[in-house]
Amino acid sequence: MATVTTQRTIDGAPYHFGTIKDITERKAQEREIQQQNERLENFAGLVSHDLRNPLNVAQGYVDILQADIDRDELTLVDNALERMDSLVSELLQLARTNTPVGETDPVSLFDTVTKAWDSVATIDADLRLAGSGTQILADESRLRELFENLFRNAIEHAGADVEVTVEAQSDGFSVADDGPGIPPEERDRVFETGFTTNPDGTGFGLNIVQQIVTGHDWEIQVTESISGGARFAITGVKTVD
């Protein structure tokens with residue numbers, strides 16, 4: 001229960017009125033949503049753990065066989081295992097999009113970019129940092145997740161040898177690549193869950209990016225990079241002096 005007190009004047013005399021508002025139902029709904037989100041993330045974590053163990057075992061045997069046998073079938077199996085591992089990762093991330101962005105702290109933009117780059121399969125890709133290194137207010141874990149998804153998206157659509165440029169700007173940052181770019185008619189749809197132009201894509205990555213951007217009260221826009229590739233501009237970001 002919550003009591004709201006207001007004051008009114010009648011015939012020049014002040015009167016106080018109290019209104020009792022029942023917020024019990026709303027609080028119960030909030031608790032239920034929170035519990036559902038926790039169950040979803042716990043389930044995703046359990047599935048991820050139980051799936052990754054046999055995946056790692058299978059991948060290990062494939063690696064051993066590929067060292068001794070040159071067969072196209074082994075390459076197909078290897079690709080399938082990588083695809084399954086990617087789906088497991090995105091299942092976990094999709095479950096976490098229901099989790100609100102946590103407290104924001106001063107975070108080194110370029111340090112976070114580098115950590116995200118190192119955690120993605122970018123052996124043949126190149127990363128370029130532009131602008132002056134700065135600190136921004138963000139949930140570091142979710143910010144790193146944002147970059148990981150943008151990097152995977154660049155590799156998925158532009159190829160393993162893509163060059164990605166992360167540029168720090170006065171009101172935010174941008175992530176651009178030198179790939180084929182995104183047609184103007186598709187730029188409004190790329191953040192939709194399940195939308196992808198890659199037959200092997202899941203359509204989850206960019207939706208996760210948008211969820212993280214929205215959770216920080218930032219904005220994101222898809223444009224064209226200088227080389228004609230895709231450019232994601234994130235604005236509304238607060239910097240730390």
Side-chain angles (χ1 to χ4, degrees), residues 44 79-80 82-101 109 112-113 116-117 119-131 136 138-139 142-237:
N79 292 339
E82 288 183 2
R83 169 70 170 160
M84 292 175 68
D85 185 67
S86 176
L87 286 170
V88 170
S89 297
E90 294 193 354
L91 168 65
L92 267 177
Q93 293 183 38
L94 196 63
R96 288 171 183 151
T97 59
N98 291 315
T99 304
V101 168
L109 178 64
T112 306
V113 168
W117 184 261
S119 67
V120 177
T122 55
I123 297 176
D124 297 321
D126 290 319
L127 173 66
R128 191 170 74 90
L129 303 178
I136 64 174
D139 178 333
R142 304 306 298 278
L143 178 65
R144 178 173 170 175
E145 192 177 335
L146 178 149
F147 282 120
E148 288 171 349
N149 279 283
L150 288 178
F151 294 156
R152 290 192 189 99
N153 182 75
I155 293 169
E156 181 179 312
H157 291 88
D161 59 349
V162 63
E163 180 181 88
V164 177
T165 301
V166 179
E167 182 176 2
Q169 297 163 334
S170 59
D171 62 343
F173 55 88
S174 63
V175 179
D177 63 56
D178 61 353
I182 301 173
E185 64 272 15
E186 294 179 357
R187 292 174 187 171
D188 290 337
R189 297 192 59 200
V190 295
F191 298 112
E192 295 177 5
T193 302
F195 178 81
T196 179
T197 58
N198 187 333
D200 295 326
T202 62
F204 292 154
L206 291 182
N207 179 260
I208 293 170
V209 168
Q210 186 183 49
Q211 294 284 346
I212 296 171
V213 167
T214 302
H216 280 91
D217 290 328
W218 300 339
E219 293 184 2
I220 186 169
Q221 183 180 15
V222 184
T223 59
E224 184 176 303
S225 68
I226 295 176
S227 61
R231 179 177 181 270
F232 296 86
I234 292 87
T235 56
V237 181

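Counting only heavy atoms from C-beta outward, the side chains of Asp178 and Val162 approach each other to under 4.5 Å. Between Thr235 and Trp218, the closest side-chain pair of non-hydrogen atoms is not below 4.5 Å.
Between Phe173 and Phe147, the ring planes lie tilted relative to each other; the angle falls in the 30° to 60° range.
One finds the CD atom of Gln221 at 9.5 Å from the CG atom of Asp188 (value rounded to the nearest 0.5 Å). To the nearest 0.5 Å, atom CG of residue Leu206 and atom NE2 of residue His157 are 7.5 Å apart. Separating the CG atom in Leu150 from the CD1 atom in Ile155 is a distance of 11.5 Å, to the nearest 0.5 Å. The distance from atom CD of Gln210 to atom CG of Asn149, rounded to the nearest 0.5 Å, is 12.5 Å. The line from CG of Asp171 to CD1 of Ile136 is 11.5 Å long, rounded to the nearest 0.5 Å. Distance CG/Leu109 to CD/Gln169: 10.0 Å, rounded to 0.5 Å.
Between Phe151 and the choices Asp177, Val166, Leu146, the side-chain contact (heavy atoms from CB on, under 4.5 Å) rule is met once, by Val166.
Pairing each heavy atom of Ala158 with each of Pro180, the nearest pair is CA-CD, 4.0 Å. The minimum heavy-atom distance between Arg187 and Val222, with the atom names listed, is CD-O, 3.7 Å. Nearest heavy-atom pair across Val120 and Arg152 is CG1-CG, 3.8 Å. Between Ala233 and Ser174, the shortest heavy-atom contact is CA-CB, 4.1 Å.
Considering only residues two or more places apart in sequence or on other chains, Arg128 meets the salt bridge (charged side-chain N to carboxylate O under 4.0 Å, His left out) condition with none of them.
With respect to the salt-bridge test (charged N to carboxylate O, under 4.0 angstrom), the residues Arg142 and Glu145 qualify.
At a cut-off of 3.5 Å, with distance as the only test, a side-chain donor of Ser119 or Glu148 sits close to an acceptor on the other residue.
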